[in-house]
A.B. asks: 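First the structure, which I've put down as structure tokens, then a few questions once you've had a look.
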There are 2 protein chains.
Amino acid sequence: MKLDTIDKKLLELLQNDAKQTTKVLSLQLNLSKTAVYERIRKLEKEGVIKGYTALLDKKKIDKAFVVFCHVRLTQHTKEHVVGFESDVIRLEEVLECYHVSGDYDYILKVNVADMQAYRNFMTSKLTSLKHIGSTHSIFMIEEVKNTTVVEL
Amino acid sequence: MKLDTIDKKLLELLQNDAKQTTKVLSLQLNLSKTAVYERIRKLEKEGVIKGYTALLDKKKIDKAFVVFCHVRLTQHTKEHVVGFESDVIRLEEVLECYHVSGDYDYILKVNVADMQAYRNFMTSKLTSLKHIGSTHSIFMIEEVKNTTVVEL
DNA sequence: ATTGAAAGATGCCACTT
DNA sequence: AAGTGGCATCTTTCAAT
């Protein structure tokens with residue numbers, strides 16, 4: 001789908017505040033509210049907008065502990081890769097998992113309450129998955145920036 | 001703020017779809033819509049809910065290239081740390097930046113269109129920041145999982 | 001926490017550029 | 001093709017209980 005300048009502006013506005021009314025959006029875009037409404041509908045239908053979410057303060061929900069965990073597999077056959085990926089997706093503590101280039105195979109972003117919870121996650125969940133060769137944890141000292149907003 | 005079982009359920013529902021009406025939410029929580037409304041207001045006011053955002057499909061907005069960049073500073077004085085952090089926050093390509101433990105100081109999650117754009121970001125933006133000692137880039141081959149939804 | 005009601009937003013329509 | 005203005009319906013918001 002081709003996005004014009006108005007679509008891009010609209011997507012930026014919706015990333016910054018998804019609850020703005022079409023009326024408020026229409027004033028910022030110099031369009032009628034129906035035109036804005038139709039554009040949003042189209043962006044949703046085309047899958048450009050995947051959904052809308054509430055962003056929570058991790059400190060206030062007792063999930064302030066973030067760890068990047070590097071994972072190496074024992075082997076890299078299709079069966080091992082597919083197996084690991086389908087298992088890791090189901091772990092609720094793993095918010096993100098990327099297959100990456102370099103010295104290890106995957107980077108996991110793990111989000112739990114504290115070190116104790118992380119230890120528990122590692123011993124009873126992650127390392128009990130099949131095909132894991134080694135792991136290496138990097139602990140977050142401070143979140144300097146964390147946004148979901150992509151500039152267009 | 002103390003969150004009860006209903007608050008936690010409500011936050012999970014809002015993380016999964018922030019555009020659900022209070023009526024729909026109230027049916028799932030067995031509450032009146034005004035009660036749901038008051039709870040949401042309180043969670044917003046207390047800062048548990050930081051905001052609402054539209055989630056976009058990175059492939060469809062031509063930002064499918066994700067790189068983890070490890071950064072080491074030349075020194076670790078307060079001045080160097082504060083200077084680097086305030087500079088990196090302003091880079092729109094950097095969606096996330098964490099001060100971490102281990103062999104390097106920061107992990108950056110960089111989101112751009114393609115390798116060419118990343119090369120450009122590195123040479124004209126990141127490496128021109130002061131106090132940077134070294135960088136190491138890890139390229140994403142595939143996004144296996146990426147959610148903002150925290151289980152409560 | 002609930003009901004009920006006013007104020008406001010959405011979603012759809014016929015029509016215009 | 002995409003934009004407008006208005007109207008019916010649904011939601012949000014708030015007062016009273």
Side-chain angles (χ1 to χ4, degrees), chain A residues 1-63 147-152, chain B residues 1-64 113 147-152:
Chain A
M1 183 187 165
K2 207 171 70 71
L3 303 172
D4 67 13
T5 318
I6 296 170
D7 287 324
K8 288 180 184 176
K9 185 88 206 297
L10 174 56
L11 289 170
E12 288 198 2
L13 292 169
L14 288 174
Q15 284 186 100
N16 283 305
D17 180 7
K19 284 253 174 127
Q20 291 174 89
T21 65
T22 50
K23 189 181 172 186
V24 170
L25 293 166
S26 71
L27 294 170
Q28 293 168 88
L29 297 166
N30 298 315
L31 274 176
S32 71
K33 60 194 170 64
T34 310
V36 172
Y37 170 75
E38 294 295 347
R39 276 174 185 266
I40 292 171
R41 286 262 301 188
K42 194 173 174 199
L43 290 164
E44 287 170 353
K45 197 159 146 274
E46 300 272 350
V48 179
I49 296 173
K50 289 194 291 183
Y52 301 93
T53 190
L55 296 171
L56 310 186
D57 186 330
K58 287 197 174 41
K59 284 175 190 154
K60 298 202 169 141
I61 55 168
D62 194 29
K63 297 273 177 178
T147 181
T148 56
V149 179
V150 181
E151 311 267 333
L152 296 153
Chain B
M1 184 185 165
K2 208 171 69 75
L3 303 171
D4 67 13
T5 318
I6 296 170
D7 287 325
K8 288 179 183 176
K9 186 88 208 296
L10 175 55
L11 289 170
E12 290 197 2
L13 292 168
L14 288 173
Q15 285 186 98
N16 283 306
D17 180 7
K19 284 258 175 124
Q20 290 173 90
T21 65
T22 51
K23 189 182 174 185
V24 171
L25 293 166
S26 70
L27 294 170
Q28 292 169 89
L29 297 166
N30 297 316
L31 273 177
S32 72
K33 56 195 169 66
T34 309
V36 172
Y37 169 75
E38 295 295 348
R39 277 173 186 267
I40 293 171
R41 287 261 302 190
K42 193 173 175 201
L43 290 164
E44 287 169 351
K45 195 160 147 273
E46 300 273 349
V48 179
I49 297 173
K50 289 194 292 183
Y52 301 94
T53 190
L55 296 172
L56 309 186
D57 186 331
K58 286 196 173 39
K59 284 176 188 151
K60 296 201 169 141
I61 55 168
D62 195 29
K63 298 273 175 176
T147 182
T148 57
V149 179
V150 182
E151 310 269 331
L152 295 152

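Fair warning: this is a prediction, and the values are worked out from it, not measured in the lab. Below, each value reflects all heavy atoms present in this structure, side chains not excepted, and no hydrogens, waters or symmetry copies. Convention: sequence-line order gives letters A, B, ...; per-chain numbering from 1.
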A.B. asks: Tell me, yes or no, whether the heavy-atom count around B/Lys23 atom NZ, taken from other residues, nucleotides or ligands under 6.0 Å, exceeds 12.
C.D. replies: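 No.
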
A.B. asks: By nearest nucleotide on DNA chain C, pick out whichever of A/Arg41 and A/Val24 is the more 5' one.
C.D. replies: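 So the residue in question is A/Val24.
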
A.B. asks: Describe the nucleic acid contact of A/Thr34 in one word from base, sugar-phosphate, nothing, applying a heavy-atom distance below 4.0 Å.
C.D. replies: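 Counting heavy atoms under 4.0 Å across all strands, the contact made by A/Thr34 includes a base.
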
A.B. asks: Taking the nucleotide of DNA chain C with the closest heavy atom to each, which residue, A/Gln20 or B/Val36, is nearer the 5' end?
C.D. replies: B/Val36

A.B. asks: Touch check for B/Lys33, heavy atoms < 4.0 angstrom, all strands: base, sugar-phosphate only, or nothing?
C.D. replies: base

A.B. asks: Given that both distances must come in under 3.5 Å, which nucleotide forms a Watson-Crick or G-U wobble pair with D/dA1?
C.D. replies: none

A.B. asks: Where does C/dA1 land, syn or anti, given syn is within 90° of 0?
C.D. replies: anti

A.B. asks: Rounding to an integer number of Å, can you tell me how far B/Leu25 CG sits from C/dA1 C1'?
C.D. replies: 16 Å

A.B. asks: Expressed as a whole number of angstroms, how long is the span from A/Lys45:NZ to C/dG11:P?
C.D. replies: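 Atom-to-atom, A/Lys45 to C/dG11, this comes out as 15 Å.
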
A.B. asks: Report yes if a side-chain nitrogen or oxygen of B/Tyr37 is closer than 4.0 Å to either non-bridging phosphate oxygen (OP1 or OP2) of D/dT11; otherwise report no.
C.D. replies: no

A.B. asks: Counting only heavy atoms from other residues, nucleotides and ligands, does the tally under 6.0 Å from NZ of B/Lys50 exceed 12?
C.D. replies: yes

A.B. asks: Starting at the 5' end of DNA chain D, which residue's closest nucleotide do you reach first, A/Lys19 or A/Ser32?
C.D. replies: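 Upstream on the strand: A/Ser32.
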
A.B. asks: What's the spacing between A/Ile6 CD1 and A/Leu11 CG if we round to 0.5 Å?
C.D. replies: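 One gets 12.0 Å once the value is rounded to the nearest 0.5 Å.
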
A.B. asks: Compare side-chain N and O positions of A/Thr22 against OP1 and OP2 of C/dA9 and report whether any pair is under 4.0 Å apart.
C.D. replies: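 No, A/Thr22 has no side-chain N/O under 4.0 Å of OP1/OP2 on C/dA9.
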
A.B. asks: Assuming nearest nucleotide by heavy-atom distance, tell me which of B/Lys23 and A/Leu31 is located more 5' along DNA chain D.
C.D. replies: A/Leu31

A.B. asks: Can you name the one residue among A/Val24, A/Leu13, A/Thr5, A/Asp7 that meets side chain to side chain contact (heavy atoms under 4.5 Å, CB included) with A/Leu29?
C.D. replies: A/Leu13

